[in-house]
Chemist: 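Take a look at the following structure, please.
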There are 2 protein chains.
Amino acid sequence: MEIYKGEKKRKFIEENAIGHLFSFPIEEYMEVHEYRRDDWIIQEGMRPNYLFYVIEGKAKIYITHQNGKVSLINFINESEYIGEMELLHDVYYTKGIQATTKTICFALPITHYRKKLLEDTKFLRELTKFLSLKATNMAAKYSQSLAFPLENRLADFILQTADRGVYKEKHVTVCDYLGVSYRHLLYILNQFCEKRYLLKVGRNYEIYQYDALHSLAKVIENK
Amino acid sequence: MEIYKGEKKRKFIEENAIGHLFSFPIEEYMEVHEYRRDDWIIQEGMRPNYLFYVIEGKAKIYITHQNGKVSLINFINESEYIGEMELLHDVYYTKGIQATTKTICFALPITHYRKKLLEDTKFLRELTKFLSLKATNMAAKYSQSLAFPLENRLADFILQTADRGVYKEKHVTVCDYLGVSYRHLLYILNQFCEKRYLLKVGRNYEIYQYDALHSLAKVIENK
DNA sequence: GTAAGAATATGAGATATCTCTTATTATGAG
DNA sequence: CTCATAATAAGAGATATCTCATATTCTTAC
């Protein structure tokens, strides 16, 4: 992890202005943090001292259960907050946040800004929208996970994450995200290959029958 | 459904003041709606015209999936909002909201209040807290549902809903809530009875070994 | 380069959960 | 009171998913 200083910091802030998110000047105590792939931005169970706003990169929210299972609750992308739960609540079980790629965020010290942020309409309105989407997405994921087998949820996930027709997510990550065992994920991926929905090329999977995947995926969505 | 008028309305508003939730007078266009048990407060897929605030009663949020399965996403209790998603987002798939008991809520016409509400710090701050809890709860439910079998989740649910040691929820409701089949729920309830965790008395279940249930339930919580 | 750890792969057997079917027992509307 | 519907109950067989064990590649740090 690196904290930008001096000219580097000044330049980054200048090129990534976030003044529009607040109705008061935010830069005085603001820091710029850069995390490398696999760095922990927040460690599970450890209350963070900052409210983060992601400018560049991607991260994952993890929780570890008492039976040892790990859930990847969600991904965090650019223009999203990290640590907002702790800003709002004094008592909160802090989840672990891990950078998936190099991730640069603004870090606002909670001690300095908490009071001001909670009185800032502009900030609150945006945060409200962000949280409502988060709640909606979690509700969707929850009900889908109970109502549909992996086949449907994986088809959806493949279509969402494939890059130019090629799916190449890490199996372990996907297991944690979709909440199934490694073994079962491979079973279903193999089925997709046998049915020629996917073609396995080295360690990647190319989408071969887009429509077949699409019809599996579309039944999970509520529109 | 009944809309309070005249003296009845005046009196109800007087006895259940919610002025503290807003920084501007809210009563002019506010209505008071009373729903009976099983009434639909909002129908699935139908955008509501009001932001509701529950004063008395209890309701359920349902979503119907394309494969016919129904999920009971969550319960709504007193002092909670209904319709806040539609207030915030122009595009949103509206879930169905059904009263579990007689439910009385304040109904704020969105057309009149939307703009003002989205500029009201007091309102936004409370809504932010409400939504953050909602998101957190959904995330917890989601990851628990994937990480633990029904046995654990049901034990937790029984302890949470039992009234003076007696569990008497409707099986159908519980199935939708915990996302399992009716058949499977009965299997596990029978197991609990065979193991003497519960005693079946008529159609109710009395908790007989509190500690056994508790040790099943406690492994799902993150503290 | 090599050794250790990560990631991929696959078999075999167990179990959690589902679907479909068929009864029996409440409960509410007329 | 009575019929229709909701709720409870349970068997039997299917399937979605898990656990454990074992191999085979890749990566990566030294």
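Proteins come first, then strands; the chains are lettered A, B, ... in the order of their sequence lines, and each starts at number 1. The model shown is predicted, which means the values in this text are computed figures rather than measured ones.
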Chemist: Let me know the distance between CG of B:Leu198 and P of D:dT8, rounded to the nearest Å.
Modeler: 15 Å
Chemist: Show your reasoning for whether side chain to side chain contact (heavy atoms under 4.5 Å, CB included) applies to A:Leu216 and A:Phe192.
Modeler: CA-CA 11 Å; A:Leu216 280 176; A:Phe192 282 1; 3.9 Å; yes
Chemist: Tell me the interatomic distance from A:His171, atom NE2, to D:dT24, atom P, rounded to whole angstroms.
Modeler: 18 Å
Chemist: Nearest whole angstrom, please: distance from the P of D:dC18 to the CG of A:Leu178.
Modeler: 11 Å
Chemist: For chain B and DNA chain C, what are the first and last nucleotides along the strand, 5' to 3', with at least one atom under 4.0 angstrom from a heavy atom of the protein chain?
Modeler: C:dA16 to C:dT25
Chemist: Are the side chain of A:Arg47 and the backbone of A:Asp90 linked by a donor-acceptor contact shorter than 3.5 Å?
Modeler: yes
Chemist: Measure the distance from CZ on B:Arg183 to C1' on D:dG13 and round it to the nearest whole Å.
Modeler: 12 Å
Chemist: When the nearest nucleotide of DNA chain C is assigned to B:Tyr187 and to A:Tyr187 on a heavy-atom basis, which residue is associated with the more 5' position?
Modeler: A:Tyr187
Chemist: Find every protein N or O atom lying less than 3.5 Å from an N or O atom of nucleotides 26-30 of chain D, and list the pairs.
Modeler:
none

Chemist: Is A:Glu84 salt-bridged to A:Lys134, cutoff N-O under 4.0 Å?
Modeler: yes
Chemist: Can you give me the bend angle of the helix from C:dG1-D:dC30 to C:dG30-D:dC1? Use the axis through the first five pairs and the one through the last five, nearest 10 degrees.
Modeler: 60°
Chemist: Rounded to the nearest Å, what distance is computed from the OH atom of residue B:Tyr182 to the P atom of nucleotide D:dA10?
Modeler: 10 Å
Chemist: Rounded off to whole Å, could you give me the CG-to-P distance for the B:Leu185 and D:dA10 pair?
Modeler: 12 Å
Chemist: Over all strands shown, is A:Leu150 touching base, sugar-phosphate only, or nothing at heavy-atom distances under 4.0 angstrom?
Modeler: sugar-phosphate
Chemist: Are the side chains of A:Phe130 and A:Glu80 in contact, using a 4.5 Å heavy-atom criterion?
Modeler: yes
Chemist: Counting only side-chain heavy atoms from C-beta out, which of D:dT8, D:dG13, D:dC18 sits nearest to B:Val172?
Modeler: D:dT8
Chemist: Of the non-hydrogen atoms in A:Ser71 and A:His65, which two are nearest, and what is the gap between them?
Modeler: OG-NE2, 3.1 Å
Chemist: Please report, rounded to the nearest Å, how far the P atom of D:dC18 is from the CD atom of B:Glu151.
Modeler: 17 Å
Chemist: Please report, rounded to the nearest Å, how far the P atom of D:dT19 is from the CZ atom of B:Phe148.
Modeler: 11 Å
Chemist: Is there a donor-acceptor pair closer than 3.5 Å between any side-chain N or O of A:Thr101 and the backbone N or O of A:Lys58?
Modeler: yes
Chemist: Quick check: closest heavy atoms across B:Leu72 and B:Phe75, and the distance to 0.1 Å?
Modeler: CD1-CZ, 3.9 Å
Chemist: Treating B:Asn190 as the side-chain partner and B:Tyr187 as the backbone partner, does any N or O pair qualify as donor plus acceptor under 3.5 Å?
Modeler: no
Chemist: Would you classify B:Gly68 as touching base, sugar-phosphate or nothing, given that sugar-phosphate means primed atoms plus P, OP1 and OP2, and contacts are heavy atoms under 4.0 Å?
Modeler: nothing
Chemist: What heavy-atom pair brings A:Met138 and B:Ala135 nearest, and what distance separates the two atoms?
Modeler: CG-O, 4.2 Å
Chemist: With a 4.0 Å cut-off, would you call B:Glu7 and B:Lys11 a salt bridge?
Modeler: no
Chemist: Is it true that the NZ or CZ of B:Lys8 lies under 6.0 Å from the centre of B:Tyr4's six-membered ring and within 45 degrees of the ring axis?
Modeler: yes
Chemist: Between B:Lys195 and B:Glu151, does any NZ, NE, NH1 or NH2 come within less than 4.0 Å of an OD or OE carboxylate oxygen?
Modeler: yes
